[in-house]
Amino acid sequence: MCGIVGFTGNVPADKILIDGLKKLEYRGYDSAGVALAYPGRLDVIRRTGKVAVLEEALSNDEHASCCGIGHTRWATHGRPSETNAHPHIDCHGNIAIVHNGIIENFVALRDELIAEGHTFRSQTDTEVVAHLLERYYEGDLVAAMRKATQQLQGAYGIAAVCVDAPDQIVVTRKDSPIVIGMSDGDVKGSFIGSDMIALLEYTRDAIFLDDGQIALLRPNSIEVFDRSGKTVEPTWTHVDWDAENAEHAGYPDFMLKEIYEQPRAVRDTIAGCVKNGEVILDELTLDDEDIAAIDSVYIIGCGTSYHAGLVARELIEGWARIPTTVDVASEFRYRNPIVTPSTLVIAISQSGETADTLAAVRLARSKGAKVFAVTNVVGSRITRESDGAFYVKANMEISVAATKSFLAQIACLSLIAMFLAQKKHRLTSNQVASLYSDLCETPSQIEAILENQNEIEEAAELISKAHSAMYVGRGIGATICKEGALKLKEISYLHAEAYAAGELKHGPIALLDENVPVVAVVTDSPTRMQTLSNVQEALARGSHIVAVATEGDTEVSEIADYVLYIPRTRDWCSAITASVPLQLLARHVALKRGCDVDHPRNLAKSVTVE
Ligand code: F6R
């Protein structure tokens, strides 16, 4: 949930650590700190609040150390405070560590360590790691890390420095990402990050550390060891992202920038995937026999990725006629889901690191199912634990509120649905070619929506003054509503509900009055008329209506207060296009309510804890 950076090299580390921490700010945090290593001494500087406050504190002194670790903390155990901020040190200030994740058995370990005479200063679960390293340290920090992590239960990415080897960093992980890289440009040295974005300015080639591996970083070398202490040859992965992608590029916030990047994200994701009516998905490494044996599909994901899964169910069932279940990963992992070797499991995760989705992947594989990941992050944990991975080409997504990755996921999932339908002989080549041609239209349709945003501001003004908003639609529209309502909640902190429009009269209609506006997705679909009737029911209760409708739909404009138009498109393609006005609407509402759209409170970009 938080960020780790580290550097050992040829220039002072403080500025590099601060730059890295700034790049990780988007992930959400409440305090930040660094530890700079010197022979016989560690300087640990921590502050609550923004990285800029830490930067200011560091600027008061010269820091010559060329080796250090840094952290942004998102409080789990112990309130946000300077004492609870990382790095944490052992009793004598000889070892400093930063940690992402949660140490589940920290209470027992802390009691044990206190009984041994260790003094604790913070309320965190993390501090036990510093004292465990102290317990096991006999001049070799790698060996101490191996012994210390054998005691830990839970999830962790840990980096440590020690006064005895002040140009070395030792790092390890379990269920929490750690990326390592090297640069031999002007800044020469070895880097770590909990996210590739922290390294991108220096390198695009990285080692994504595996669970249980320990790495020793020196200015000119990286050594990786397995659990038993044997040296292993690390796998280097090239990441095709631009450092510039992490810049605002003239946009007021990352969310808006990424909304505008959606046409490209969809185009890049689908490019070249259908040739002469044949869907080409080399990533789906299933032969004809495997595909013939598939009798069900299970889709798992969380939040926005789960919503992409709901869209995929409509497409897979509609085109391939394979029974498809969609579940939130946090529920799936604790049930006894009906998954067998003939179930195809699709795990959707933008980050590829979401703890619940990862656990769900492991469960599905333990039941003998083949699992394919749909993700945006090369080398991420979920991709490495799945049987195959489809990479959506959204490029790095920084805004906590997912936008471009969602549209790219839907585009990718629609190709998977076409592929399965074709292999199951439910769609002919001509039909696939026609579906693909509709899909290829969506990027320019998004561009048209972005060019013509009339009424969004006014609609946002209306919603920003409400105390709750009701989103309704049917079919694909119902899912788009779920995603639209989620966007509104997470960035504007305004309560919103999303309902299948036909469900309104079974309860939620009791909420409606002139203070609860209804956002209705009434695009061209087989159920447009039924949805319109539900809108009338809402009108009759005094609700103001904001509608998403197809250009030229005067019937809707007659009854709605504001209409956000999208170009005429196939119903299934509206999963992509109709999402865009709802993203923009949520952003405008958030801005009108004075919210920081890129840093929504209490949220983190990648949720690597349960
Ligand atoms: C909402 C949002 C979250 C994520 C969810 C899953 O805008 O971003 O709901 O979709 O935390 O994250 P991934 O897709 O990384 O598994």
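All figures in this text were calculated on a predicted structure; none of them were measured in a lab. Each ligand, and each atom within it, is numbered from 1 in the order the structure gives.
- In this structure, D210 pairs ionically with R381, as a charged nitrogen and a carboxylate oxygen lie closer than 4.0 Å.
- Ring orientation note: the planes of Y251 and Y260 are tilted relative to one another, at an angle of 30° to 60°.
- In this structure, a donor-acceptor pair under 3.5 Å is absent between the side chains of Q583 and T403.
- Residue pairs meeting the salt bridge (Lys or Arg N to Asp or Glu O under 4.0 Å) criterion with at least one partner in residues 462-476, sequence neighbours excluded, are E461-K465.
- Look at V400 and you'll find a heavy atom under 4.0 Å from some atom of ligand 1.
- The protein non-hydrogen atom at the shortest distance from atom 7 (O) of ligand 1 is E490 OE2, 2.4 Å.
- Ion pair R365/D387 flagged as a salt bridge, since at least one NZ, NE, NH1 or NH2 atom sits closer than 4.0 Å to an Asp/Glu carboxylate oxygen.
- Using cut-offs of 30° and 60° on the angle between ring planes, the pair F106 and H77 is perpendicular.
- Given atom 15 (O) of ligand 1, the protein heavy atom at minimum distance is S351 OG, 2.6 Å.
- Atom 5 (C) of ligand 1 has as its closest protein heavy atom C302 O, 3.6 Å.
- Counting atoms of ligand 1 from 1 in the listed order, those under 4.0 Å from a heavy atom of S305 are 10 (O), 13 (P), 14 (O).
- Judged by the shortest distance from any of its heavy atoms, H307 lies outside the 4.0 Å radius around the atoms of ligand 1.
- Atoms of ligand 1 lying under 4.0 Å from any heavy atom of A402, numbered from 1 in the order shown and given with element: 7 (O), 8 (O).
- Per-residue contacts place K487 under 4.0 angstrom from the following atoms of ligand 1 (heavy atoms of the residue considered): 1 (C), 7 (O).
- Closest protein heavy atom to atom 16 (O) of ligand 1: T354 OG1, 2.5 Å.
- Among all non-hydrogen protein atoms, the one lying nearest atom 11 (O) of ligand 1 is V607 CG2, 4.1 Å.
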Atom pairs and distances, donor-acceptor, side-chain atoms in residues 322-329, under 3.5 Å, two or more places apart:
from, atom 1, to, atom 2, distance (Å)
T324, OG1, I322, O, 2.8
D327, OD2, R335, NE, 3.4
D327, OD2, R335, NH2, 2.0

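- Backbone and side-chain nitrogen or oxygen atoms of T304 are examined, and one is located within less than 3.5 angstrom of a nitrogen or oxygen of ligand 1.
- Close approach of ligand 1 to A401 (heavy-atom distance below 4.0 Å) involves ligand atoms 7 (O).
- Between S305 and Q350, the side chains place no donor N or O within less than 3.5 Å of an acceptor N or O (distance only, hydrogens not considered).
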